[in-house]
Amino acid sequence: MTARESPRPARRTRLVIDTDPGVDDAAAILLALASPELEVAALTTVAGNAALSQTTSNALRVLELAGAGAVPVAAGADRALAGWRRPGHGSVHGPDGLGGALPGEPAGSPVARHAVELIAGLADEGPLTLVAIAPLTNVALALAMHPDVCGKLERLVVMGGARLEGNVSAAAEFNIWADPEAAARVLGSGVPLTLLPLDVTHQALLTAGELHELSGGGRIGERLGAMVRHYGSEHAASYGDGAFAPLHDVLAVLALVDPGTIELEKAVVEVDTGSSASRGATLVSTRPGSPGVPALVGTRLDRRRFAELLVGRVGEIDAALAAGGREQAGVPAAAGTAAAADA
Ligand code: RIB
Ligand code: CA
């Protein structure tokens, strides 16, 4: 499957991905690295699908898998703002967060700078889009400690929330549930917001044939395929046979790579930061006059285009690596940026 090329943009979107790898995070990172429309300036890590030390190690290993070890990684928060919940419990991502598909230690290390300082430094250097595919603690801290960042971010793309049923409780989706106070702070920041809730990310599924093709493209595809298979088996254990394994986070990158792939609607969003059973719920309304912060909310996915781009572009970086290409699509040849070099 070759990805029908999107028209090459005049300027690549420079972005930082705040992440808790995580199988679907890994898929999102690989798609970003493989997309000429994007420049991945850095990854910042947070506790979520696994403990902070694990998600940071996983981020480094996913980058190295794709020959993108030059992209800086900065570790951030190991727990929620309120401090009483430390995500990283056992999850559908497996005990190491990547379904055991990338064993061993990374060759590289995270930069010495905290994630918050790296985000602020990158925002100072030029136009920056923040892709948040994990609990929002780092982003909330960055906005609180560097309020000027709000005016410097071009856009905030968040995978999180649910308009219907949650995936951690009946009301709440994991990224919001893990730190509702941080989510409320971030969504209310005033930065132009695109929100991709479970209602649209549950459509992000690969067929068996697409997974087979992904796995046959080379080492990157083979390893990502192993992650997705583990993720699918864990879902089956949790949700029953025939369960699906949605690659939620990929849509936060896809929204930047090929905006026409995801239908968006104007809405307002509120986060439940209370202590009732609905804590962490996202209340989304399109009704005029409803309370909440404005957002473009994802509703429908062109699934075939999603699969075509993910499978096709991972195959392309596999081919580039096989040909000895060091400068992957979307990855700067230089080691990171000045912000990271200050680390
Ligand atoms: O609810 C899905 C989200 O929670 C995704 O970001 C997944 O990686 C987990 O972090
Ligand atoms: Ca995630």
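As the structure lists them, so they are numbered: ligands from 1, and atoms in each ligand from 1.
Contacts between Ile133 and ligand 1 below 4.0 angstrom, taking non-hydrogen atoms only, involve the backbone exclusively. The proximity of Asp25 to ligand 1, defined as any non-hydrogen pair under 4.0 Å, is limited to the side chain. Residue contacts with ligand 1, taken as heavy atom pairs separated by less than 4.0 Å, involve Asp20 solely via side-chain atoms from C-beta onward. With a heavy-atom cut-off of 4.0 Å, Asn167 touches ligand 1 through its side chain alone.
Nearest N/O/S atom of Asp20 relative to the Ca ion (ligand 2): this is OD1. The atom name of the N/O/S atom in Asp249 closest to the Ca ion (ligand 2) is OD2.
Among all heavy-atom pairs drawn from Pro127 and Arg14, the shortest one is O-NH1, 3.1 Å.
A salt bridge is absent between Arg163 and Glu173; no separation between the charged side-chain nitrogens and carboxylate oxygens falls under 4.0 Å.
Hydrophobic clustering (side-chain heavy atoms under 4.5 Å, transitive across Ile, Leu, Val, Met, Phe, Trp, Tyr) keeps Val111 apart from Val46. The hydrophobic cluster containing Leu224 also contains Leu321, counting ILVMFWY residues as joined when their side-chain heavy atoms lie under 4.5 angstrom apart, directly or transitively.
For the residue pair Thr13/Arg155, the side-chain donor-acceptor check at 3.5 Å is not satisfied. Residues Asn138 and Thr44 bring no donor and acceptor atom of their side chains to less than 3.5 Å of each other.
Taking any N or O of Asp24, backbone or side chain, at least one lies under 3.5 Å from an N or O belonging to ligand 1.
At a threshold of 3.0 Å, the Ca ion (ligand 2) has a backbone or side-chain N, O or S atom of Ile133 nearer than that distance.
Side chains of Thr261 and Leu301 form a contact here, defined as non-hydrogen atoms less than 4.5 Å apart. Using a 4.5 Å heavy-atom threshold, the side chains of Val271 and Pro180 count as touching.
Near Glu173, meaning under 4.0 Å from any of its heavy atoms, are these atoms of ligand 1: 1 (O), 2 (C), 3 (C), 4 (O). Of all atoms in ligand 1, listed by their number and element, those nearer than 4.0 Å to a heavy atom of Asp249 are 5 (C), 6 (O), 7 (C), 8 (O). Atoms of ligand 1 lying under 4.0 Å from any heavy atom of Phe174, numbered from 1 in the order shown and given with element: 1 (O), 4 (O), 9 (C), 10 (O). Close contacts between ligand 1 and Met159 involve ligand atoms 2 (C), 3 (C), 5 (C), 6 (O) [criterion: under 4.0 Å to a heavy atom].
How far CZ of Phe306 is from CG of Leu205: 7.0 Å, rounded to the nearest 0.5 Å.
Looking only at heavy atoms of the protein, atom 9 (C) of ligand 1 is closest to Asn49 OD1, 3.2 Å.
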